[in-house]
Amino acid sequence: MRLLTHNMLSSNIKGVANGFPLGIEVEKVIEKQVELSADFLRNLFPKIEWKALVDAARTMGYAELPEEVDSSMLDSNEFLTKFHHALLELHLEEGALVCPETGRRFPVTKGIPNMLLHEDEV
Amino acid sequence: MSSRPELQAPPDIFYNDAEARKYTSSSRIIEIQAKLSERALELLALPDDDVPRLLLDIGCGSGLSGETLSENGHQWIGLDISQSMLNVALEREVEGDLLVGDMGQGLGLRPGVIDGAISISAVQWLCNADKSSHDPRLRLKAFFGSLYRCLARGARAVLQVYPENLAQRELILSFAMRAGFAGGVVVDFPHSTKSRKEYLVLTCGPPSINTSVPTGKGEDGESCSEDESSGDEENQTVSISDRHRPRKRQKITKKGKGREWILRKKEQRRRRGDDVHPDTKYTARKRKPRF
């Protein structure tokens, strides 16, 4: 699972008011090279929760992202490369996602998070 | 036993390892799925500016539909309830991210982040109650509600469905409308039993010019596909102008599959890693009658 997906996912357990961002428990992280598309990143940038992305990248062992950003930084190639690396190239292979309110763990195996809820959580 | 998989078992049980493999090794299913997803992507009517978008594939299965999205350069997130199907998707090294999830429990995505959603032959599963705790109405409501929330304003969702009957289609559509979607059903090839396909084309936001439903293919008697129409013509000439022609002559005039077809099939099997005889000058040659 890439951090792009992590940035979009929230916990939808019944009764949870704010299920975002999900915590990350890391067991294994892998990196996969992907081609950079500046248009995609520019288009996606306004929708990204930056703080969640920075925290998640740090948990995965990548601390190069700046704390504060604004859209003017999107013109810098150096920033785009870092943004791209954090968003699309870091994969959480094994571990878990944790609901911030209830602490419920969603296990991640082979890069696939299992977001199935139990019957009493729907 | 019914031929509809929906009536046989719940999706997470029906698509077990064996079924998942069967599903993905059939070239016929692959072709149909690719066609369906191409058409769905076309109906999604994304702005024509070559910018990759973030799309959602609901019921992505083994990633057959996602492959079409990747080919068009988009990033996607796929959701499916069957772990076996997702395992096959992993083997196929699809480019999107995969999630195990039940669409009837709601999608669990942040509001307004997805640029478009497609779903190929999945939503009709929601009409079944596979567990005592399942209520199709509640599940449809949760699904369409969460889909509406996670889509960006003006984004579209194209859901290809196989409703079992009129009531199911009405049910699905009414819950989509209740969630706030504008749009309707596009039917491709409505006059054909085989290639008839229904797409729910839903738009987020208030009705406008953009939300008008596109027209389906083949609505005005246009032929369904090339091979089928040619087949029909042949039948017609035989049955009308020449119906007293003896049976045997018909067979002789019919051409075989041809060298090109055989080479293509052999190439296909080679790509799949099968043991295939090399192509020689004898390939696809007709045997002499004395043989």
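Note that this is a predicted model, so its numbers are computed, not measured. We use all heavy atoms of the structure for the numbers below, so side chains are in, but hydrogens, waters and symmetry mates are not. Each chain gets a letter, A, B and so on, in the order its sequence line appears, and its residues count up from 1.
Neither the backbone nor the side chain of A:Glu35 comes within contact range of chain B; no heavy atoms are under 4.5 Å apart. Only the side chain of B:Gln83 comes within less than 4.5 Å of a heavy atom of chain A; its backbone N, CA, C and O stay farther away. Residue B:Leu109 touches chain A through both its backbone and its side chain, counting heavy-atom pairs closer than 4.5 Å. Heavy atoms closer than 4.5 Å to chain A are found nowhere in B:Leu138, neither backbone nor side chain. Only the side chain of A:Leu4 comes within contact range of chain B, with at least one heavy atom under 4.5 Å from a heavy atom of that chain. For A:Leu117, the parts lying under 4.5 angstrom from a heavy atom of chain B are both the backbone and the side chain. Of the atoms belonging to A:Ser11, not a single heavy atom falls under 4.5 Å from chain B.
In the displayed structure, B:Glu42 atom CD is contacted under 6.0 Å by more than 12 heavy atoms of other residues, nucleotides or ligands. Residue-environment remark: CZ (B:Arg92) exceeds the threshold of 12 foreign heavy atoms within 6.0 Å. When the shell of 6.0 Å around NZ of B:Lys141 is examined, it contains 12 or fewer heavy atoms from other residues, nucleotides or ligands. Counting non-hydrogen atoms of other residues, nucleotides and ligands closer than 6.0 Å to CZ of B:Arg21 gives a total of 12 or fewer.
In terms of non-hydrogen atom pairs under 4.5 Å with chain B, the most contact-rich of A:Asn12, A:Val34, A:Thr109 is A:Asn12. Contact count versus chain B (heavy atoms, under 4.5 Å) is highest, among A:Leu88, A:Asn43, A:Val108, for A:Asn43. When B:Gly73, B:Ala152, B:Ser133 are compared by the number of non-hydrogen pairs under 4.5 Å with chain A, B:Ser133 comes out ahead. Heavy-atom pairs under 4.5 Å with chain A peak, among B:Leu90, B:Leu79, B:Leu86, at B:Leu90. Chosen from B:Ile81, B:Asp50, B:Asp49, B:Leu54, the residue pairing most often with chain A at heavy-atom distances under 4.5 Å is B:Leu54. Heavy-atom pairs under 4.5 Å with chain B peak, among A:Val122, A:Asp39, A:Leu41, at A:Asp39.
Note that CG of B:Asp97 and NE2 of A:His91 are 6.5 Å apart. Values are rounded to the nearest 0.5 Å. The CG atom of A:Leu9 sits 10.0 Å away from atom CG of B:Leu107, with the distance rounded to the nearest 0.5 Å. Atom-to-atom distance recorded for A:Lys110:NZ and B:Asn87:CG is 4.0 Å, nearest 0.5 angstrom. The CZ atom of A:Phe106 sits 11.0 Å away from atom CG of B:Leu99, with the distance rounded to the nearest 0.5 Å. How far CD of A:Glu119 is from CD of B:Gln105: 9.0 Å, rounded to the nearest 0.5 Å.
Nearest heavy-atom pair across B:Trp76 and A:Arg2 is O-NH2, 3.4 Å.
Residues B:Arg110 and A:Asn7 are in side-chain contact: their nearest non-hydrogen atoms beyond the backbone lie under 4.5 Å apart.
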